[in-house]
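Note sheet for the following structure.
What you are looking at is a predicted structure, and each value in this text was computed from that prediction instead of being measured. Each ligand, and each atom within it, is numbered from 1 in the order the structure gives.
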Amino acid sequence: MIDLKVRIGKEIFKNPVWAASGTFGNGEEFEGFLDLTEIGAVVTKTVTYKPRKGNTVPRVVETPSGLLNSIGLENKGVECFKKEQLPFLQDLGVKTVVSIAGETPEEFEKCAEKLTGKNKPDAIEINLSCPNVRHKGTGCRLFAQDPKITEKITAAIKKKTRGPVITKLTPNVTDIGEIARAAENGGADAVSLVNTYLGMAVNAEEMRPVLGNVTGGVSGPAIKPMALRAVWEVYNEVDIPVIGIGGIMTGEDAAEFILAGASAIQVGTANFIDPGRCAGVLKELKEYLLRKKIKKVSELIGKLKV
Ligand SMILES: Cc1cc2nc3c(=O)[nH]c(=O)nc-3n(C[C@H](O)[C@H](O)[C@H](O)COP(=O)(O)O)c2cc1C
């Protein structure tokens, strides 16, 4: 009897446990491991306007308590995604948040345009924070390192779409609160954070980098304390909902992020260890709320005793 509902913009999600982009395919790959209709939403693998091959292999390596990846946004392009991949989750009635990216601000807009009209997703997450792609003509490595570009792209996408827009932030900045404010000024309905932390791995024996791309992004339990701090900081900076991501493996981890200010959370790397983990996190979060006699999950948001 616990009320788990979450509101982002005008959209109501049945609960706050979502699957994170790039770690859950397009949902279909996870059928059979859990009841997909149980979870709050699936954020699909980032799509771009044109197909992308991704980076040179190897693209993934394990690190202590984490994962280092440099996939480089491999995808078949938004046209193909809309026709062949998006309908699976929509036909099941699963809330679908489509993650989009581009090499230029214009590419983000063109991608969002393709996701309007009939069969549009329930929300769009703008991935301004992928550390594994190069951007043209912006002078910064990641769009979400620049408050002006963050605001500009968010505002442009907000104009193109009627549904909620979630801006996904990078933790690879000096002041993440400033970037979150820029997203809010651009009209974002929510911000999600964090994407991966820049990192690299070296093979000393062979005296070469492990990843084909040399550098990549670190995720998993290793980043949880830093992600929690980022969520707490952003929660205290903006008035829009914050979606917490980073090393969430259990329901208790999810509760920690909600206490730090998250309205919803996303499970990422944990899906590679246990493909049914999203359902596990949801079950454990419900058990936590029951134990704490909390009837509405929204009552827990930001309730950290400081
Ligand atoms: C293999 C891999 C691929 C990812 N691909 C994407 C992606 O396409 N788009 C995106 O926004 N984030 C992507 N991410 C980042 C995750 O969505 C998430 O923000 C990050 O991994 C931190 O959460 P975690 O520690 O629970 O994994 C990827 C992460 C991993 C490990």
Side-chain angles (χ1 to χ4, degrees), residues 17-27 29 41-48 51-52 54-55 57-78 81 85 97-102 108 111 123-133 142-144 153 165-172 176 190-199 201 211-213 216-228 230-231 242-251 253-254 256-257 262 264-275 277-278 280-281:
V17 178
W18 302 7
S21 180
T23 67
F24 209 74
N26 291 306
E29 299 86 338
V42 171
V43 187
T44 52
K45 170 76 192 162
T46 299
V47 283
T48 47
R52 284 179 62 93
N55 291 331
V57 291
R59 295 172 174 182
V60 182
V61 59
E62 242 183 280
T63 56
S65 273
L67 204 63
L68 178 66
N69 90 82
S70 66
I71 308 293
L73 301 186
E74 178 183 347
N75 76 95
K76 292 181 178 167
V78 67
F81 169 80
Q85 293 162 333
V97 179
V98 173
S99 168
I100 63 164
F108 276 87
C111 193
I124 284 186
E125 185 175 79
I126 320 175
N127 179 5
L128 296 181
S129 49
C130 180
N132 303 316
V133 290
L142 311 172
F143 289 127
I153 299 180
V165 169
I166 302 163
T167 303
K168 185 166 180 180
L169 307 182
T170 177
N172 301 299
I176 196 164
V191 280
S192 57
L193 55 133
V194 295
N195 207 317
T196 53
Y197 284 80
L198 281 164
L211 294 176
N213 189 48
V218 184
S219 62
I223 70 166
K224 196 184 90 176
M226 284 108 80
L228 268 171
V231 164
V242 179
I243 300 172
I245 324 166
I248 296 171
M249 310 295 279
T250 66
D253 291 339
E256 290 172 21
F257 274 81
I265 59 93
Q266 297 179 12
V267 178
T269 300
N271 296 309
F272 295 113
I273 299 164
D274 169 7
R277 197 71 293 258
C278 284
V281 168

- Check whether any heavy atom of Val194 sits under 4.0 Å from an atom of ligand 1. yes

- Item | Ligand-side contact atoms (ligand 1) for residue partner Leu73, heavy atom cut-off under 4.0 Å | 8 (O)

- Given the rule in the side-chain contact (heavy atoms from CB on, under 4.5 Å) test, do Val98 and Phe81 qualify, once you have shown the distances and angles that lead to the verdict? CA-CA 10 Å; Val98 173; Phe81 169 80; 3.7 Å; yes

- Message: Is there a polar contact between ligand 1 and Gly220, counting only N or O atoms under 3.5 Å apart?
- Response: yes

- Item | Residues which pass salt bridge (charged side-chain N to carboxylate O under 4.0 Å, His left out) with Glu29, listed by chain and number, not counting sequence neighbours | none

- Query: What do the steps show when you test Val281 against Asp253 for side-chain contact (heavy atoms from CB on, under 4.5 Å), and what is the final call?
  - Reply: CA-CA 8 Å; Val281 168; Asp253 291 339; over 6 Å; no

- List the steps and the verdict of side-chain contact (heavy atoms from CB on, under 4.5 Å) for Leu68 and Val218. CA-CA 4 Å; Leu68 178 66; Val218 184; 3.7 Å; yes

- Distance from atom 9 (N) of ligand 1 to nearest protein heavy atom, with residue and atom: Thr46 OG1, 2.6 Å

- Query: Does an N or O from Thr196, backbone or side chain, lie closer than 3.5 Å to an N or O of ligand 1?
  - Reply: no

- Query: Ser21 to ligand 1: N or O pair under 3.5 Å?
  - Reply: yes

- Return yes when Val60 approaches ligand 1 closer than 4.0 angstrom through a heavy atom, no otherwise. no

- Message: If I apply the N/O under 3.5 Å rule, does Gln266 come out as touching ligand 1?
- Response: no

- Message: As a quick check of understanding, evaluate side-chain contact (heavy atoms from CB on, under 4.5 Å) for Val78 and Ile100, giving each step before the final call.
- Response: CA-CA 9 Å; Val78 67; Ile100 63 164; 5.8 Å; no

- Task: Mind checking the CG-OG1 spacing from Leu128 to Thr170? Nearest 0.5 Å is all I need.
- Result: 10.0 Å

- Does an N or O anywhere in Ile245 fall below 3.5 Å from an N or O of ligand 1? no

- Would you mind running through ligand 1 and noting each atom that sits below 4.0 Å from a heavy atom of Ser219? 21 (O), 25 (O), 27 (O), 31 (C)

- Message: Looking at every non-hydrogen atom in both residues, tell me the closest pair between Ala230 and Val194 and how far apart they are.
- Response: CB-CG1, 3.8 Å

- Message: So, regarding Glu125 and ligand 1 (criterion: nitrogen or oxygen to nitrogen or oxygen, under 3.5 Å), is there a contact or not?
- Response: no

- Query: Does a side chain donor of either Ser129 or Asn195 reach within less than 3.5 Å of an acceptor in the other side chain?
  - Reply: yes

- Query: In ligand 1, which numbered atoms sit nearer than 4.0 Å to a non-hydrogen atom of Gly247?
  - Reply: 24 (P), 25 (O), 26 (O)

- Heavy-atom nearest neighbour in the protein, as seen from atom 3 (C) of ligand 1, with distance rounded to 0.1 Å: Gly22 O, 3.4 Å

- Item | Side-chain (Arg59) to main-chain (Asn55) donor-acceptor, under 3.5 angstrom | yes

- Task: Please name the pair of heavy atoms, one in Asn172 and one in Thr196, separated by the smallest distance, quoted to 0.1 Å.
- Result: ND2-O, 3.1 Å

- Query: Distance-only, no hydrogens or angles: does the Asn213 side chain make a donor-acceptor pair with backbone N or O of Leu211 under 3.5 Å?
  - Reply: no

- Taking heavy atoms and a distance under 4.0 Å, where does Lys168 meet ligand 1: side chain, backbone, both or neither? side chain

- Item | Nitrogen or oxygen of Gly268 less than 3.5 angstrom from that of ligand 1 | yes

- Which ligand 1 atoms does Gly246 reach within 4.0 Å, using its non-hydrogen atoms? 23 (O), 25 (O)

- Just jot down the ligand 1 atoms closer than 4.0 angstrom to any heavy atom of Asn195, in number order. 10 (C), 11 (O), 12 (N), 15 (C), 19 (O)

Which donor-acceptor pairs under 3.5 Å do the side chains of residues 19-26 make with protein atoms, sequence neighbours left out?
from, atom 1, to, atom 2, distance (Å)
Ser21, OG, Thr44, O, 2.9
Ser21, OG, Thr46, N, 3.3
Ser21, OG, Thr46, OG1, 3.4
Thr23, OG1, Ala20, O, 2.8
Thr23, OG1, Asn271, ND2, 3.2

- Message: Considering non-hydrogen atoms of the protein only, which is the closest contact for atom 8 (O) of ligand 1, and what is the distance?
- Response: Lys45 NZ, 2.8 Å

- Item | Nitrogen or oxygen atoms of Asn69 and ligand 1 under 3.5 Å apart | no

- Just heavy atoms, cut-off under 4.0 Å: does Val43 contact ligand 1 by side chain, backbone, both, or neither? neither

